[in-house]
Amino acid sequence: MINSAHMVLIVASVLFALGLVGVLTRKNVVFMLISVEIMLNASGLAFVAAGAKWQQPDGQVMFLFILAMAAAEVSVGLALVLQIYHQHKTLDVDRLKELRD
Amino acid sequence: MSTLFYLSSTIAIASTILVITRYHPVHALLYLAVSFLAVGMIFLSLGAPFVAALEIIVYAGAIIVLFIFVVMMLNLGKDTAQQEKEWLKPKVWLVPSALVLVLLVEMIILLFTDSDQPLKVSVVDPRRLALSLYGEYIIAVELTGFLLMAGIVGAAHIGKHMHTPLHRFLQNGEGKKEKPKPLRPVESLKNEQTVLHDQ
Amino acid sequence: MPPLLAFIPLLPLIGFVVLSFFGRQMPKRAVAILGAGTICIAAILTIILGLSFLQTPPAGGAYDQLLWSWFSIGNLSVDIGLRADALTLVFIFIITFVGALIHIYSAFFMWHDDDYARFFASMNLFVCSMLLLVMADNLVLMYLGWEGVGLCSYLLIGFWYEVPSNCRAAIKAFLITRIGDTALLIGLFLLFKELGTLNISAILHLAPDHFTTGGSNIVLITILLLVGGMGKSAQLPLQTWLPDAMAGPSPVSALIHAATMVTAGVYLIARMHVLFQLSPVTMMIVAIIGALTLFVAGCSALAQTDIKRILAYSTISQIGYMFLALGVGAWSAAIFHFFTHAFFKALLFLAAGVIIEALHHEHNIFMMGGLRKRMPVVFVTFLAGAVALSALPLVSAGFFSKDAILWYSWSAANGNPLLWVMAMAGAFITALYTTRLMLVVFWGDVRTPVHEHPAQGMVIPLIVLAFLSITAGFIEWPHNMVHLSLFSDLVQKVLPETVLKPDLPSEWLFQLMAVFVTLAGIYLGYLLYYGKPGIRWQRSPGLSGMRDLLFSGFKFDQLYNFLFVKPFVFITRINKSDVIDRLYNGIAQAALKLNSWFAISQNGSLRLYIVGVLAGILFIITLQILL
């Protein structure tokens, strides 16, 4: 028996926080995308934990949607990474500032 | 089950820490696969075998493979690792970590303000999941289908090697000169691509 | 006979529509026949209507004709309805009959003008509007006619628009009458608010029960109506546009700015006499304004050198007499003076037009002279008009009408010796400046040779009008002479009888004094101007200041320039850089400033954006924990 639903949620929070640290720290776009995946995965874990607590399938359904969204996001994001590299010859997010005011 | 949970949680957290600290992208991706597998084990311990299987298939399988393909296409190797090493000075970690630590602490405080109950694990089998998914969530499923379709089309379109120049304001960097000047001619673009692939 | 009623304004309207659309393609002869013909037929119809009215008076004392319903909003329903009672008939008769004569005259007068069709189109539209004004059975339709005549006045003053000063005169006339029109409009709104109807006969019927005599409501309404009338009729202090309005062609001055349109104010007050009787204060104001105007305008006429400006000031002065008569309650005397004045003033303007044409557009009377022998017909007719204007006893129409006003200004219930003194002074001045005009223009040496003589068609209207200027007065005699009062019998079917004070001195006394004053004025004029070519006394420095004051019409233009134009120009000059706009510019500047500050955060750094999101999340969660 797991002690409590809280433990699962704490694990999810920790994973989320780690992903956020990655997003904030890394300058490389590929690493940032990896970190975003970690965050999405962590939120999916939180949903599944909630579903397990109430013993309902809804949490897992939400995980499925997050999964689909992550797949779509990562495909578009990686296509953008390719394109950015081709056009700017860099993956440094601090140099991709052409939309600044 | 409890042991399984704690064990896999420890592995997940540890491997995630390794993911965000690696300099070499392929290493990071391998640790990410480990992390996903560990999370899959957590799902199993929470009584969600179907989701655990999907986690392994989609995350640890498809998405990691996508990343690795991109890493291969961009030829991110030792040079990138070297660059990452330069970028990731210890002081770079300080501020984000502090901020996120505050967030984490607050989230945990919020969690513990609620009363704590032991979790009774009971397996939610794929049948119930499927009934729910194609019953009350049918609209969301269809919308997800649209989203995936849009993702495929968008990725295919963006991923094409476009010759179309940027907007004239973006081309000459400053946005002030009137005359549009291509960032580089089409021929050189081709050369770069071949150079990329040759490397 | 009612169906005839609608044709009277309809005919000029047809003339206007046809001429304004096809006038340029039509030969001049056809334009003249159409333009003058419609008015002539309307005049014949009016005479038929008038005869039938006199023979078999209709039930209720008026012909009514409802054409169609104009609009209906809430409980206000306005009809296009015509109504002709005795008062209206007098006005229609003058408008169509004098109008027809003037149209015939202008057919020859304007022959060499390029814009022949435009002239007749505007004139026809004017006659149509003026007829609507006097025939309307409700005040909204009357207001339509009121604005219509203002528009035509503007169009015709500025008829020769190539000269900028003509355009300025037209704009001045339009703007100043607009002040009065606005007051009139507000008056109509108030009237509708009080009585809930704008039908004239309904208003006259309801008003005595609704208003208390001298109540503030009725005083306000009547004063607003009076201001409307003052604007149109060029009474003090809104009189300054009329002398400048002489920039238009002479027939226009004759028809619009002497005979008909400027008497619209007189019509309005006479038509609304029930309201005015309920407000003795306003009646007093009307009388005082009339008296002041007749005196001020008469003095100004003394010093003018432009023949048409002299006549313009004398018009203002004569309308002042009408207002005086209205103010003292001598309703029929006022209308009678309008009746005779229309003839002799139209005659004077038309004759002046002939003289001006004959002398190469010379307006200055001191450049004329000796025309008695050169232009005998014009001399005789002009003399008839001048005699009527100066009210020479018994042989002129002006005497009968003006004498009645002089008598009532003392003897009527609202009369006052002071008003009588002003009126007498006015009569003296009128005789003086008329004599001056006659002597300077027709006697003395020839200063400008006559280069063309008037066409036959221009002379006939002059003769007809001269005949009427002499004889029109014979239909109404003073009570003490002959018991013949056809005119007041007719008009008093609509207007109340003049109430006299008790214990009056003999009317003979007043008539003798009036005659004496008139003759004294003529004699003084004779002494000053006859056979004195140098007129040395005029150049004396002591009089020149006085002369300047009179010449500029008591400096009213300068006064208004100082009171209204200068402050307005001053404000606009201050506001050249838009003080108000500066406020809005300031808001825009502040927004731009803020934008430039916040734009620092828009630096394109993705990681900073994420930090921003994180900060927001932290803020919300901290809030949740703390609360």
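The sequence lines fix the lettering, A, B, ..., with proteins before strands; numbering per chain opens at 1. As the structure is a prediction and not an experimental result, all values here were calculated from the model.
Contacts of A:Arg26 with chain C are made by backbone atoms alone, with heavy-atom separations under 4.5 Å and no side-chain atom involved. Residue C:Leu608: no heavy atom, backbone or side chain, is found under 4.5 Å from chain A. With a threshold of 4.5 angstrom between heavy atoms, A:Leu20 approaches chain C through side-chain atoms but not through N, CA, C or O.
By the 4.0 Å N-to-carboxylate-O rule, C:Asp114 lies too far from C:Arg24 to be salt-bridged with it. Ionic pairing of C:Glu147 and C:Arg178 is present here: one or more N-O contacts between side-chain nitrogen and carboxylate oxygen are shorter than 4.0 angstrom.
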*Checking side chain to side chain donor-acceptor pair (under 3.5 Å) for the pair C:Asp181/C:Trp146: CA distance, chi angles, key distance, verdict?*
CA-CA 8 Å; C:Asp181 294 354; C:Trp146 187 275; 2.7 Å; yes

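For the residue pair A:Ser35 and A:Gly19, the shortest heavy atom distance occurs at CB-O, 3.4 Å.
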